Amino acid sequence: MDLTSEEQDMLDGKFGKAAQKSMEILSALGEIFNAESMVEVTGVQIAGVSYDNLGEAGLEFLSEMAEDGKVKVLTTLNPAGMDRENWRLLGIDEDFAKNQNRVIDAFARMGVITTCSCTPYLIGNSPHFGQHIAWAESSAVCYANSVIGARTNREGGPSALASAITGKTPNYGYHLDENRHGQVLVKVNCDLKGTDEFGVLGKIIGDKLVELGMKIPYIIGITSATVEELKSFCASVATYGGTALFHMKGITPEYDKYPQPSENLIEINKINLEQARNKLIDDDIEVDFVSIGCPHASIYEIEKISRLLKGKKVNKEFWITTARPTKRIADEAGYSKIIEKAGAKFAADTCCVVAPIKGRFKGIMVDSAKACYYGRAKNKFKVKIGTIEDCIEEAIK
Ligand code: F3S
């Protein structure tokens, strides 16, 4: 791999230990994937922030990097294991909170902006078309590559941090034009609406891609999609299919840059959607937990929730998971007051998947196909998907 003299100096330790370790990580990655050089990145999103996932070993790595490491580019964090202000109300224990704060403090010492959100593109870490970035949250990676047209591989926590400290990433994979072509043609033969339905579509396409051993769908037949629907779709197709990039005719910016694939046709109709939706509703579920905001809720979704909850009372644990800056806008607009008066709780900085709540509830209702996957696999809950309206109805039942 060709390194510039600055990159070689980093590797030789002339910029300190953290930069050296970072360049070692990135050049090893580059060698594995046959990158010819590094490319500069304009922003980084680091995942693997919850102490639940990191443990002491992860924290030790971060503390070492924080001894002399400083980020060179705009860097934000994925959700942590707790709301940093409201953790007691959400039932998080004191020891966990202490350890979670040690993790966040290590990132802060390196100059990372400690907004903990999986939708950095909604709160200011927003690349533009064609920019190279190094992001690690799978749903955000898919959104950045597909909806924005920025360029990133699916980074791991350590490689994203290494890119933040050096401002570089190896130039391979989705950074290169030749790897961004659609591989599978997906024809959607029905109208779609809502975050839940776009999540179900992501599951169908993701499952099919795994069967075919392919990664990049080229989707036709969808005439409109909101930001919220696309973020839900991205989270789902990334979870079920490992997809980091898709093209959607008439919607995403690169759909006419690459040819429409002529083979591997998948057709999807209303019946397929209904069948896939039924797979995201467990038999005999007793819902005692409702959570909206996977990926993190936008201000538009919070406004909608406040409208639906106005003057009502929830009878179940009900979380709205979102980024802290979005929560602050909701506070100023008066939405938080209405929502909290109804008994629902904000869980900013965290989510129903990364918080340490395994086994705490019997059944979770969500509007997100990704949350269904991890609700079952990680937290051992029964799951039920529905629209935001369905979720609210369940909560106030
Ligand atoms: Fe975000 Fe947590 Fe869902 S990180 S995409 S809200 S699982």
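Remember, it's 1-based here, ligands and their atoms both numbered in the order they're listed. Sequential numbering from 1 along the given sequence is applied to the chain's residues. This structure is a prediction, so every number in the text was calculated from the model and none was measured.
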**Q** Around atom NZ of Lys193, are there more than 12 heavy atoms from other residues, nucleotides or ligands closer than 6.0 Å?
**A** no
**Q** Among all protein heavy atoms in this structure, tell me which lies nearest to atom 6 (S) of ligand 1, with the distance rounded to 0.1 Å.
**A** Cys351 CB, 3.4 Å
**Q** I'd like to know: is atom 2 (Fe) of ligand 1 within the 2.8 Å range of an N/O/S atom from Cys118, strictly under that distance?
**A** no
**Q** Is it true that Asp349 and Arg324 have a side-chain N and a carboxylate O under 4.0 angstrom from each other?
**A** yes
**Q** Counting each atom of ligand 1 from 1 as listed, which ones have a heavy atom of Gly293 under 4.0 Å away?
**A** 6 (S)
**Q** Tell me whether Glu389 is salt-bridged to Lys304, with the criterion being a basic N under 4.0 Å from an acidic carboxylate O.
**A** yes
**Q** So is Pro79 in contact with ligand 1, going by heavy-atom distances below 4.0 Å?
**A** yes
**Q** Does NZ or CZ of Lys327 lie under 6.0 Å from the centre of the six-membered ring of Phe346, at an angle within 45° of the ring axis?
**A** yes
**Q** Using a 4.0 Å cut-off to any heavy atom of Val353, which atoms of ligand 1 qualify?
**A** 7 (S)
**Q** Under 4.0 Å, counting heavy atoms only: does Ser368 come that close to any atom of ligand 1?
**A** no
**Q** Heavy-atom contact under 4.0 Å between Ser139 and ligand 1?
**A** yes
**Q** Ion pair present between Lys17 and Glu67, side-chain N to carboxylate O less than 4.0 angstrom?
**A** yes
**Q** Which ligand 1 atoms does Glu137 reach within 4.0 Å, using its non-hydrogen atoms?
**A** 5 (S)
**Q** May I ask you to check whether Thr119 and Ser117 show a side-chain donor-acceptor distance below 3.5 Å?
**A** yes
**Q** Mind checking whether atom 1 (Fe) of ligand 1 has an N, O or S of Cys294 under 2.8 Å?
**A** no
**Q** Who's the nearest protein heavy-atom neighbour of atom 5 (S) of ligand 1, and how far?
**A** Lys370 NZ, 3.4 Å
**Q** With a cut-off of 6.0 Å (strictly less than), are more than 12 heavy atoms of other residues, nucleotides or ligands near CD of Glu286?
**A** no
